Every structure is written in C-alpha cells, then in structure tokens.
Amino acid sequence: MSLINGCTEVSSEEEFYDKALDYWKSIPSTLNGMLGGYEHISSIDVRGSQSFLKYFVQGKQKMALNRALDCGAGIGRVSKQLLLPMFKTVDLVEVNQAFLDQAKTYLGAEAKRVGKYICCGLQDLKLEEKTYDLIWVQWVTGHLTDEHFVKFLQQCKHGLCNGGIVVIKDNVAVEGVELDSVDSSVTRNIQQLQKIFDASGLRTLRQQKQTHLPKELYRVTMTALGS
Ligand SMILES: C[S@@+](CC[C@H](N)C(=O)[O-])C[C@H]1O[C@@H](n2cnc3c(N)ncnc32)[C@H](O)[C@@H]1O
C-alpha cells in the first residue's frame, strides 16, 4: 500500500518526515518564512478565516471560545492574528522548536494567554479528551502520510469539546496528488482529502474556498469537521 494515495514518489516514511524537518529548520523564523515569501497575503488569509468561523460563532449552536489549538503553528501567525483575539487560551503545536521559541517573542503581550507550546510532529500528537473548542490546522497536512493524517484527525476528534470543530485550511490540487520534493510535502486533490476526512469518522460540516489569493498560488479551501 502506498503511503500517500495517488503519489508513488513517496516510498520511505522516515525520509519524508526527516526531509521536511530539515527543510523547516533551514527557514527563518519570520512571517515571510511561514508563507514562502508571500507575507503580504496574511491579512487576506486571516479575513477569510474570520469570515468562515463567523458561521460557527454566531450560528444556532454557538461554538464556545475557551481554548483553541494551532497545529503546525510555526511562529504563531494564525494564533496571533486569528485565534488569540477570539479564544481565552491558545495552545501551539509545531515540529520545529526554533519556531516555537520565536513565537514567544512574536506573540508579544498576548503570549501570556498561551497555555502550552508543544514541540511535536502531528503524526505523534496525543491530545487530552474534550479539551478544545477549535483545532485549527493550516498549511501543514501535506506533511502527513494518509495513515497519519487519519490518525491525527481521530486524535482531534478525541480532543474536541462537545460542539467543537476542527478546521483544515490547505492547498488543494486540481488533479492528482502533487509532491513538492523541496519541502517534502504533498498537495492532495479534494477527493483525496474527503476520503481522509471520512476515514477519520468526523463529519464534514462546512467547506469554503479562500478568495482573493494571487492567481499563481494553489486553490485553498477551509473545511470544518465535527462529531
Ligand atoms: C507553511 S508553514 C505554516 C505555518 C502556519 N500554520 C501558518 O499558516 O502561518 C508549515 C508549518 O508546519 C510545520 N510542520 C511541518 N511538518 C510538520 C509536522 N509533521 N508536524 C507539525 N508541524 C509541522 C513547519 O515547521 C511549519 O511551521
């Protein structure tokens, strides 16, 4: 069985993860580093995320705003601009310790409302039961094999409070599954993503495209999953 459905080029799990870690260790702990030179799209991205979350914050079954988890958090861009302004406490999980170290400075005074900085690959993450109202997973799932992606989502399911949601915000390939051999990640098409979501046992609650991104970039979708 292949590690990533539709991508025969990834044959060694160890190499896939080691190469990604080496890549991210070589990237500066800056906003531009997080966004591959597209620092200027951060505000467009965050506005799209805020508008997506409005449905869950203002809807009939309002999501509580106590604790959120930022997955593949980098230096904490999403935590600073999206999650800390909304939630009382935010935890960050990130595989590269240097980014987490920088997050403590980058988040400024609001860093006092960070609960935990967890240095861990999402493939190894274990969450405590019913802890989070929102688990935000942005531009990182391409670093997981299919099996680890499903297991990670099952951990999220376990870690969600009643009424909580997981949001996957990621690049989507028009066709097939594309390997980026530089950062050792894949971009899945929407069918492959949906198969993984379904295999996790989480329900797809809502899906929306991110608008106003530069044309040369991948299409980006936000998918909310819940029990
Ligand atoms: C493109 S950056 C996105 C950072 C952040 N989510 C954002 O949108 O600003 C990808 C991040 O995922 C982290 N990462 C890569 N592989 C990971 C893994 N297996 N587990 C956790 N984090 C990982 C990288 O170190 C990097 O910080």
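Since the model is a prediction, treat every value here as computed from it, not as a measurement. Read the numbers this way: they start at 1 and go in the same order the structure lists the ligands and their atoms.
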Student: Provide, line by line, the atom pairs where ligand 1 and the protein bring an N/O atom each to a distance under 3.5 Å; else say none.
Tutor:
from     : atom 1 : to   : atom 2 : distance (Å)
ligand 1 : 6 (N)  : G72  : O      : 2.8
ligand 1 : 6 (N)  : Q138 : O      : 2.9
ligand 1 : 8 (O)  : R77  : NH2    : 2.9
ligand 1 : 9 (O)  : R77  : NE     : 2.7
ligand 1 : 19 (N) : Q123 : OE1    : 2.9
ligand 1 : 20 (N) : L122 : N      : 2.9
ligand 1 : 25 (O) : E94  : OE2    : 2.6
ligand 1 : 27 (O) : E94  : OE1    : 2.7
ligand 1 : 27 (O) : E94  : OE2    : 3.4

Student: Are there over 12 heavy-atom neighbours, none belonging to Y55, within less than 6.0 Å of that residue's OH?
Tutor: no
Student: Applying salt bridge (charged side-chain N to carboxylate O under 4.0 Å, His left out), run through R188 and D146 and close with a yes or a no.
Tutor: CA-CA 10 Å; R188 296 176 169 95; D146 289 352; 2.9 Å; yes
Student: For a side-chain hydrogen bond (donor to acceptor under 3.5 Å, both in side chains) with R67, tell me which candidate from D91, T131, T89 qualifies.
Tutor: D91
Student: Looking only at the side chains, is there a donor atom on one of S49 and K169 sitting less than 3.5 Å from an acceptor on the other?
Tutor: yes
Student: Determine, step by step, whether D70 and R77 satisfy the salt bridge (charged side-chain N to carboxylate O under 4.0 Å, His left out) criterion, reporting the C-alpha distance in whole Å, the side-chain angles of both residues, the deciding distance to 0.1 Å, and the verdict.
Tutor: CA-CA 10 Å; D70 182 358; R77 182 187 70 89; over 6 Å; no
Student: For Q97, what residues pass the side chain to side chain contact (heavy atoms under 4.5 Å, CB included) criterion, not counting sequence neighbours?
Tutor: L100, D101, C119
